[in-house]
2 protein chains.
Amino acid sequence: MLYDEAAVRPRRVARIATRIVKKTRVRLDTDERRAQLVALAKKVFAESAYDEISIDDLAKAAKISKGLLYHYFPTKRDLYIAGLSEIADELVAAVSSLDETLAPIDRVRVSIDAYLDHITRHARAFVSLMRGGIGSDPEVASVVEGVRTRLFDTFLNGQPFAPAFAESARFQTAVRGWIGFVEGASIDWCIHPRLTRLELRELFVQVLFEILRVVAPAELVWKTLPK
Amino acid sequence: MLYDEAAVRPRRVARIATRIVKKTRVRLDTDERRAQLVALAKKVFAESAYDEISIDDLAKAAKISKGLLYHYFPTKRDLYIAGLSEIADELVAAVSSLDETLAPIDRVRVSIDAYLDHITRHARAFVSLMRGGIGSDPEVASVVEGVRTRLFDTFLNGQPFAPAFAESARFQTAVRGWIGFVEGASIDWCIHPRLTRLELRELFVQVLFEILRVVAPAELVWKTLPK
DNA sequence: GTAGTCTATTGACCGTTGTTCAATAGTGCG
DNA sequence: CGCACTATTGAACAACGGTCAATAGACTAC
């Protein structure tokens, strides 16, 4: 399959054959081509693992040559990260449509709802994003960690924390932990949906509040903490 | 460097030279060799990423030929997983020395202490274990997920839960989330130690209890829950 | 129409990788 | 000494990620 006849055929003959068959090249604008390739990467890498997909596979799927792919992305990893970043952006964007008129607690509720909605619809992409196709690659890790901090910002943005509270080490560690809680339970839930989406959401909200209560000194507790 | 003189030298010449130099082969027992190779894999893969280390590197480090490596492990991935599994076993073993005489809450405390002790001493190995060198590989994922469930068992084993409680979906989801909490905060803490080890431990314990309180119906709450 | 320019596109090529396998060399037994 | 057993080797292989000079389609200018 690798060394088939066409591959070793001399260049000139191939050229003539090309003319005869009228195999016309498709010329695309730079931006269109880039967008097409990133879209393909998003789809393919959400379905299969990083090293199960070769550059040749991608080129064949895009109906272009390998060389052209390298004209747009310096390395396979760059293409992968481009796709992953878009998946990440979509997730963050889906969550961050916040309604200023809502009470803080309901704002969290809405955000988590949007979050669960989105990862339900894009379960495979979500898992492959969070599990990190190339776990040890620093760029990939920074995309994933970026999602966490951006999600955190979106969940809690504009909430009336006392500044001293928000900067305390306990608070930051606890929130990072809560993100881990949500992530772990979400991934588990994607595979074994033992709770309804609503039950899961309420669990997240309740746990968040309990964690904040544990972490915060009494006088700094979030104003809207129930009871 | 790749195609150096020695490499392309005809076999017979090489053999004669070998005799002259008296380069004796080292013959090892099967189990010893296997153990040596797994130990090497553990060390190397804890330090560097999966695809930064080639089979040639490993063979050279072990002072054996590539072929022999494949005599013991059918594929590079198998060797990697063998090393990873030992790292995982060591972590679980370190945590699971439980003292039956202690009160349940203190047993959790001791376990978490051992956990933090261990990941402090083997931070790199821990991170590369939990971040998964080949994130999407199902076998690797199952090793990591195995660590989570075994840690969970160790943390909570022998605690006086009502069976109905332990089997409830809310409980299981919540505990899986707590594992995510501990993991996320631990990895964060390995990189930015903003809290003391003791503070972190107490945070974990408190959050665990609050989560259990949130999740459990009143009459089933862990007997030892403080207050 | 034709010549020339620009650049999107190609395919042959390279070195390295993971993997295979027939050949080899130590070791112990009769 | 001869023989079997197996730990060990090294050359070969296909596939991979990546490079590059050459090509072809679209545009402008005359």
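These numbers were taken from a predicted model, which means no experiment stands behind them. Chain letters run A, B, ... following the sequence lines, proteins first and then strands; every chain starts at 1.
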NA contact type, Ser65(B), heavy-atom cut-off 4.0 Å: base, sugar-phosphate, or nothing? base
Which value, rounded to the nearest 0.5 Å, describes the distance between Leu200(B) atom CG and Ser186(B) atom OG? 6.0 Å
Could you check which residues of residues 68-80 of chain B get a heavy atom under 4.0 Å from DNA chain D? Sort them by number, please. Leu68(B), His71(B), Tyr72(B)
Among residues 27-42 of chain A, which ones have heavy-atom contacts with DNA chain D below 4.0 Å? Arg27(A)
Under a 4.0 Å threshold between the charged nitrogen and the carboxylate oxygen, would Asp89(A) count as salt-bridged to Arg150(A)? yes
In terms of side-chain heavy atoms, does Thr120(A) have a donor or acceptor partner in Asp117(A) at a distance below 3.5 Å? no
Nearest whole Å is fine: how far is dA22(D) P from Lys66(A) NZ? 20 Å
Applied to residues 65-91 of chain B, the ring-ring contact (aromatic ring centres under 6.0 Å, His included) test, sequence neighbours excluded, yields Phe45(B)-Tyr80(B), Tyr50(B)-Tyr80(B)
By nearest nucleotide on DNA chain D, pick out whichever of Val26(B) and Gly67(A) is the more 5' one. Val26(B)
Rounded to whole Å, the CG-C1' distance (Asp57(B) to dG18(C)) equals 13 Å
Assess whether a salt bridge exists between Asp188(A) and Arg148(B), defined as any Lys/Arg side-chain N lying under 4.0 Å from an Asp/Glu carboxylate O. no
The reported gap from CG in Leu37(A) to CG in Leu58(A) (rounded to nearest 0.5 angstrom) is 8.5 Å
Calculate the interatomic distance between Ile55(B) atom CD1 and dC13(D) atom C1'; express it in whole Å. 16 Å
Separation of Asp51(A) atom CG from dT16(C) atom C1', in whole Å? 16 Å
Separation between CD of Gln172(A) and CZ of Arg176(A), rounded to the nearest 0.5 Å: 12.0 Å
Any Lys/Arg nitrogen of Glu199(A) or Arg194(A) sitting under 4.0 Å from an Asp/Glu carboxylate oxygen of the other? no
Rounding to a whole Å, what distance do you find between Lys60(B):NZ and dT8(D):P? 19 Å
